[in-house]
Every structure is written in structure tokens, then in C-alpha cells.
Amino acid sequence: DQVADLVLKNPYSLAAYQAGKMSILDIKARDDRGRWFNVEMQIGSDSDFDKRAVYYWARMVTEQLSEGELYRELQKTISINILNFDYTPVKDAYHSVYRILNVATGKDDNLHDLFELHYVELLKFKKEFDEIATALDRWTTFPSKAHRLDRNDLPPPLSQDKAIIKALDEVERMYNAEERLIYEVKLQAYRDEQSRIDSALREGLKKGLKKGLEEG
């Protein structure tokens, strides 16, 4: 069930990124079968991400219909969320798929098939290069082990995938000096914010402990 062709609904704009109007790269696309996709990569932890994921999914569904169109025109909408933090309670799998099921039977009964939500949790991806077996394995390796990838010396599971090689070439081509500078500035800002949060938490714990000891 591979995607043959995609039309991006919100192409990347460096100008918008520089202006701070695109802090999250959120890809909206439609394939040659009419299915709609929302692909989002999230770095920072978000305890309410499930609500956000469903909201974005629902918004894409409603965007399909303009005034006067019929419900039967709605196409399947698939939300793919690539997370750099653990979120689902599943411990032994990095890929989780959620659909609408009949509670009594555990089956979808071929109803409500418009909904499909995926979580790909990068920190749960533990496979080494010699364990890579599927396309999903290869594409999860791409962001989670990028620092270990050498374009001229790729492990066999990756070197045999022309799409992976093309992606590496595109990264090198697109990642010019200007974009690298923007990336590094935003990365430093993110690290500073995480450091402030961590310091505030530790200070709060210290004060709470002190107050508890005094009252005790």
C-alpha cells in the first residue's frame, strides 16, 4: 500500500521560516488515490499531543469540503506524527497506529475508515543497521541515526534504497549556509528554553523540599 505520488498543499518557504511564521514544518499532502496526509515532526515533549493530533486531523477533513459539496466526497485522512519523545504507553514498538474500532468486537467493520493516526516515536527505535528490514525501518533510521550516516559509506539496507540516497543528496543540496545559520540559532534557542525549564523545576523542587522540612 505504497504512496505513488504526492501533491504538497503547503510547500516550504524559507522566507516564512525566517520571519518566524513556520516554527513547525507541517506537511500536508494528497496522493494519487485522493487520500490526504498530515505529517508532523515534533521535537519538544507535549503532554497534550494526542488532542493536538486529532485536532489537526479533523481540520484536514473539514478543509476537504467547500460549501455545497457532499459528505461522500470526503477522502481518507491519515495523520503521521514523528516524535522525538516517548508518548504512547506501548513500550516494545516504535510505531503505533490508531483507528476507530467497534468496542465489542475490536474490529472496524469497514466503517469510519476516514480516520487513521500514526505515531512514530524515534527514541523507541532501537534497531541497528543490520536489523533494518522494512521501509518504515529505513525511514525511521534516517532522522534518528543521521549523525551516523555517511553518504559514501551507507550500510547495505540503506545503500540499496534509491529514495534514501536521494533524500541524503537533497539534504546536502538544500542545507546551505543561510539555512544552517537559521537552524543553529533556533536550536540554541530551544536548548536555552529547555535549560530554563529544567532550572525552574529543580529550583521549585528545592524550595518545596525546604518548606516541607520547615513545616515538618
Side-chain angles (χ1 to χ4, degrees), residues 1-90 93-122 124 134-140 142-143 163-164 166-167 170-171 174 179 182 186:
D1 192 20
Q2 297 293 302
V3 174
D5 189 36
L6 286 175
V7 177
L8 290 179
K9 308 300 289 184
N10 58 336
Y12 171 76
S13 167
L14 177 59
Y17 188 76
Q18 288 175 312
K21 297 177 182 178
M22 186 188 292
S23 59
I24 298 174
L25 183 57
D26 179 19
I27 300 173
K28 298 178 182 178
R30 186 175 60 197
D31 73 0
D32 59 342
R33 290 168 51 186
R35 297 175 300 179
W36 286 66
F37 294 84
N38 180 70
V39 184
E40 182 173 339
M41 297 187 73
Q42 177 72 16
I43 297 175
S45 180
D46 184 347
S47 60
D48 293 320
F49 194 85
D50 57 328
K51 299 176 181 63
R52 174 172 156 180
V54 172
Y55 171 76
Y56 279 129
W57 172 86
R59 194 169 68 176
M60 281 198 72
V61 172
T62 57
E63 286 175 356
Q64 291 183 38
L65 291 185
S66 58
E67 188 174 352
E69 291 186 320
L70 302 175
Y71 292 126
R72 67 167 177 261
E73 303 295 330
L74 288 174
Q75 298 293 322
K76 185 170 186 175
T77 304
I78 301 169
S79 179
I80 301 172
N81 302 285
I82 303 170
L83 310 179
N84 198 41
F85 56 94
D86 292 347
Y87 191 73
T88 70
V90 181
Y94 70 92
H95 177 219
S96 300
V97 184
Y98 293 85
R99 298 189 180 104
I100 297 177
L101 303 176
N102 183 318
V103 175
T105 64
K107 299 179 180 180
D108 63 13
D109 303 325
N110 292 319
L111 298 172
H112 313 300
D113 64 344
L114 292 179
F115 181 86
E116 189 168 294
L117 194 153
H118 296 249
Y119 290 111
V120 177
E121 298 168 278
L122 299 180
K124 293 180 181 178
T134 68
L136 183 60
D137 286 348
R138 292 193 293 275
W139 283 107
T140 307
F142 187 72
I164 292 288
K166 180 180 179 182
E170 287 297 305
V171 168
M174 293 172 58
E179 289 181 308
I182 295 170
K186 297 226 172 190

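Atom set for the values below is all heavy atoms of this structure, side chains included, hydrogens, waters and symmetry mates excluded.
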Euclidean distance, Lys28 NZ relative to Glu40 CD, rounded to 0.5 Å: 10.0 Å
Spacing of Ile82 atom CD1 and Glu121 atom CD [to the nearest 0.5 Å]: 12.0 Å
Side chain proximity check, Glu73 to Gln64, heavy atoms < 4.5 angstrom: no
More than 12 heavy atoms of other groups within 6.0 Å of Ile43 CD1: no
Partner residues of Asp50 under the side chain to side chain donor-acceptor pair (under 3.5 Å) criterion, sequence neighbours left out: Tyr87
Flag, side chain of Trp57 to backbone of Thr77, donor-acceptor distance under 3.5 Å: yes
Residues Gln75 and Arg30: side-chain donor-acceptor under 3.5 angstrom: no
Shortest non-hydrogen contact from Ala93 toward Lys124: O-CD, 3.6 Å
For Ser79 against Ala53, the heavy-atom pair lying closest together: OG-O, 4.2 Å
Side-chain touch Leu65/Tyr71, heavy atoms, less than 4.5 angstrom: yes
Intermediate values then yes/no, side chain to side chain contact (heavy atoms under 4.5 Å, CB included), Asp108 and Ile100: CA-CA 6 Å; Asp108 63 13; Ile100 297 177; over 6 Å; no
Shortest non-hydrogen separation from Gly34 to Trp36 and the atoms involved: O-CD1, 3.2 Å
Lys76 to Leu114 - nearest heavy-atom pair and separation: N-CD2, 3.5 Å
Side-chain (Asp31) to main-chain (Arg33) donor-acceptor, under 3.5 angstrom: yes
Step-by-step side chain to side chain contact (heavy atoms under 4.5 Å, CB included) determination, Thr88 to Tyr98: CA-CA 11 Å; Thr88 70; Tyr98 293 85; 3.8 Å; yes
Chi angles and distances behind the side chain to side chain contact (heavy atoms under 4.5 Å, CB included) call for Gln42, Phe85: CA-CA 8 Å; Gln42 177 72 16; Phe85 56 94; 3.6 Å; yes
Flag side-chain contact, heavy atom, 4.5 Å: Tyr94 against Leu122: no
Pairwise distance CG(Asp113) to CZ(Arg99) - rounded to 0.5 angstrom: 9.5 Å
Gap separating the CG atom of Asn81 from the NE2 atom of His118, nearest 0.5 angstrom: 9.5 Å
Side-chain heavy atoms of Arg59 within contact of Tyr55, under 4.5 Å: yes
